[in-house]
Novice: 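A single structure is presented below for examination.
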Amino acid sequence: MALRLVTWNVNSVRARIDHALRLIDALRPDILCLQEIKVEDAAFPGRPFVDAGLPHIALAGQKGYHGVAVLSRLPLADTARVDWGSKGEARHVSVAVDGHLRLHNLYIPAGGDVPDVAENPKFAEKLAYFDNAAAWFADGLKNDGALPAILVGDLNVAPLPSDVWSHKQLLRVVSHTPVEVEKLEILQAAGGWCDVMRHVVPAPAPLFTWWSYRARDWRKAARGRRLDHVWVSPGLIPHIRHMEVFDVARDWPRPSDHAPVVVDFDLDL
DNA sequence: ATGGTTGTGTGACAA
C-alpha cells in the first residue's frame with residue numbers, strides 16, 4: 001500500500017481552486033500540502049477538497065498573504081502552529097497523520113530583493129526564521145521523538161549548485177546566497193532531516209520546482225530554482241518509492257509559479 | 001544592465 005504525498009505552493013488557493021482540483025484528479029494524493037493559500041481560515045474553500053476525497057483539513061491561514069494547509073484522505077490529529085518569525089505570520093502547520101507520522105508544512109519567508117541584513121529587514125527576518133526553526137527542531141521531544149516525520153514546503157532556498165539554472169549568476173541573488181544555504185543546512189541537520197528529492201535525483205542533475213512569471217516562455221527561458229523541498233526522518237528513506245516534480249502543472253493556464261512535488265512511500269497507514 | 005508577471009484588493013506591496 002502506497003502513501004502519496006504532494007506539496008505545492010499554490011499562490012492563492014482561491015485563484016487556483018480549479019488547478020488544485022485538477023491536480024487531485026491527476027495525481028490522487030493521500031495528503032496534499034499547500035503553501036501561500038493567501039486566505040484566512042474562515043474563508044478557506046474547504047468543500048471542494050472534501051468532495052474531492054480529502055476531507056481532513058488543517059489550516060494556518062491569514063488574510064491576503066502567506067498561509068499553509070494540509071488536506072488529507074487520512075484522519076489528522078494534534079494540529080499545531082508555530083511562529084518562528086516575529087510578525088505573527090501564518091507560515092507553519094503541523095499534524096499527526098492517523099497517529100503514525102508527524103507532518104510539518106512550511107512557507108519560509110522569501111527575504112526580499114537585497115541579500116544584506118543591514119539594508120533589507122526582510123532578509124534579516126528570513127535568516128532569523130531559519131535560526132529559530134533550527135533551535136525548535138533541535139529539541140527531539142518537540143519533534144515527537146520516535147514518530148517518523150516529514151517536513152515539506154516552500155523553503156525559499158535552493159541549496160545546491162544544481163538546484164539553480166546558474167550557480168555563478170545566482171550567488172548574490174536571494175534564495176541561493178551562501179548565508180541562506182548555510183542556514184538551510186543547519187536547519188536540516190538540527191532536525192536530522194534527509195533530503196528526499198536529492199535521494200531520488202542526486203546532484204549534479206538539475207532539479208527545479210519554481211520558474212519566474214517574468215518570462216514569456218518558462219521552458220525556453222530555462223531559469224528554474226529548487227525552492228520546494230521534501231525532508232524525512234532517516235527511517236523513512238527506505239520507504240521512498242517515487243518522486244517527481246509535476247511540472248506539467250506549470251503549463252496549465254494561469255499557473256502558479258511553483259510546480260507540485262510528488263512523493264510515494266510504501267507505508268501502511 | 002534592465003525589465004520582465006502575478007495576486008490581493010483597489011493602492012501599493014510582496015513575491
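The structure presented is a predicted model; accordingly, all values stated were derived computationally and were not measured. In what follows, chains carry the letters A, B, and so on, assigned in the order in which the sequence lines appear, proteins first and then strands, with residues in each chain numbered from 1.
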Novice: Given a cutoff of under 4.5 Å between side-chain heavy atoms of I, L, V, M, F, W and Y, with clusters grown through shared members, what are the other residues clustered with A:Trp210?
Specialist: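 Members alongside A:Trp210: A:Leu227.
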Novice: So, does A:Arg102 use its side chain to make a donor-acceptor pair with the main chain of A:Leu147 at under 3.5 Å?
Specialist: no
Novice: Can you list everything that forms a salt bridge (charged side-chain N to carboxylate O under 4.0 Å, His left out) with A:Asp25? Sequence neighbours excluded, please.
Specialist: A:Arg28
Novice: What residues in residues 207-227 of chain A put a non-hydrogen atom under 4.0 Å from any atom of DNA chain B?
Specialist: A:Tyr213, A:Arg214
Novice: Would you say A:Glu125 and A:Ser86 make side-chain contact, with heavy atoms under 4.5 Å?
Specialist: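 Of all side-chain heavy-atom pairs linking A:Ser86 with A:Glu125, at least one is under 4.5 Å.
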Novice: Which hydrophobic side chains are connected to A:Leu21, either touching it within the sub-4.5 Å cutoff or through other members that do?
Specialist: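 A:Val6, A:Trp8, A:Val10, A:Val13, A:Ile17, A:Leu23, A:Ile24, A:Leu27, A:Leu32, A:Leu34, A:Ile37, A:Val39, A:Phe44, A:Phe49, A:Val50, A:Leu54, A:Ile57, A:Leu59, A:Leu71, A:Phe246, A:Val248, A:Trp252, A:Val262, all in the cluster of A:Leu21.
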Novice: For A:Tyr129, what residues pass the side-chain hydrogen bond (donor to acceptor under 3.5 Å, both in side chains) criterion, not counting sequence neighbours?
Specialist: none
Novice: I'd like to check the salt bridge (charged side-chain N to carboxylate O under 4.0 Å, His left out) partners of A:Asp41; sequence neighbours left out, ordered by chain and number.
Specialist: none
Novice: If the condition is salt bridge (charged side-chain N to carboxylate O under 4.0 Å, His left out), which residues does A:Asp264 pass it with, not counting sequence neighbours?
Specialist: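 A:Arg4.
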Novice: Which two nucleotides bound the region of DNA chain B that has atoms under 4.0 Å from heavy atoms of chain A, read 5' to 3'?
Specialist: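 Nucleotide range in contact with chain A: B:dG4 to B:dA15.
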Novice: Suppose you measure atom C1' in B:dA15 against the same atom in B:dG4; what distance do you get, rounded to whole Å?
Specialist: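 Nearest-Å result for B:dA15 against B:dG4 at atom C1': 14 Å.
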Novice: Can you check whether A:Val200 reaches A:Ile240 side chain to side chain, under 4.5 Å on heavy atoms?
Specialist: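 When only atoms from C-beta onward are counted, A:Ile240 and A:Val200 do touch, with a gap below 4.5 Å.
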Novice: Taking for each residue the nucleotide of DNA chain B with the nearest heavy atom, is it A:Asn11 or A:Glu89 whose nucleotide lies nearer the 5' end?
Specialist: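 Checking each residue's closest nucleotide, the 5'-ward one belongs to A:Asn11.
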Novice: On a whole-Å scale, what distance lies between the P atoms belonging to B:dG9 and B:dT5?
Specialist: 23 Å
Novice: Identify, residue by residue, the members of residues 155-165 of chain A with a heavy atom below 4.0 Å from DNA chain B, and return them in order of residue number, or none.
Specialist: none
Novice: Tell me whether A:Met197 is reachable from A:Ile237 by hopping between hydrophobic residues (I, L, V, M, F, W, Y) whose side-chain heavy atoms are closer than 4.5 Å.
Specialist: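 As far as the 4.5 Å side-chain criterion goes, A:Met197 and A:Ile237 are connected within one cluster.
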Novice: NA contact type, A:His66, heavy-atom cut-off 4.0 Å: base, sugar-phosphate, or nothing?
Specialist: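 Since only primed, P, OP1 and OP2 atoms lie under 4.0 Å of A:His66, the category is sugar-phosphate.
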Novice: Between A:Arg16 and A:Lys122, which residue's closest nucleotide on DNA chain B lies nearer the 5′ terminus?
Specialist: A:Arg16
Novice: Distance check, C1' atoms only: B:dT6 and B:dG11, in whole angstrom units.
Specialist: 16 Å
Novice: Say we look at B:dG7 and B:dG3: how far apart would their P atoms be, to the nearest angstrom?
Specialist: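 Those two atoms are separated by 22 Å.
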Novice: Under 4.0 Å from any atom of DNA chain B, heavy atoms only: list the residues of residues 105-120 of chain A that qualify, in numerical order.
Specialist: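 Result for residues 105-120 of chain A: A:Tyr107, A:Ala110, sorted by number.
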Novice: Kindly write out the residues that satisfy salt bridge (charged side-chain N to carboxylate O under 4.0 Å, His left out) with A:Asp163, not counting sequence neighbours, or none if the list is empty.
Specialist: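 Checked A:Asp163 against salt bridge (charged side-chain N to carboxylate O under 4.0 Å, His left out); matches are A:Arg198, A:Arg226.
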Novice: Using the test side chain to side chain contact (heavy atoms under 4.5 Å, CB included), find all partners of A:Leu127 that sit at least two apart in sequence or belong to another chain.
Specialist: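 Side chain to side chain contact (heavy atoms under 4.5 Å, CB included) check on A:Leu127 returns A:Val117, A:Phe123, A:Val179, A:Glu180, A:Lys183.
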Novice: In terms of heavy-atom contacts, does CZ of A:Arg241 have more than 12 from other residues, nucleotides or ligands at under 6.0 Å?
Specialist: yes
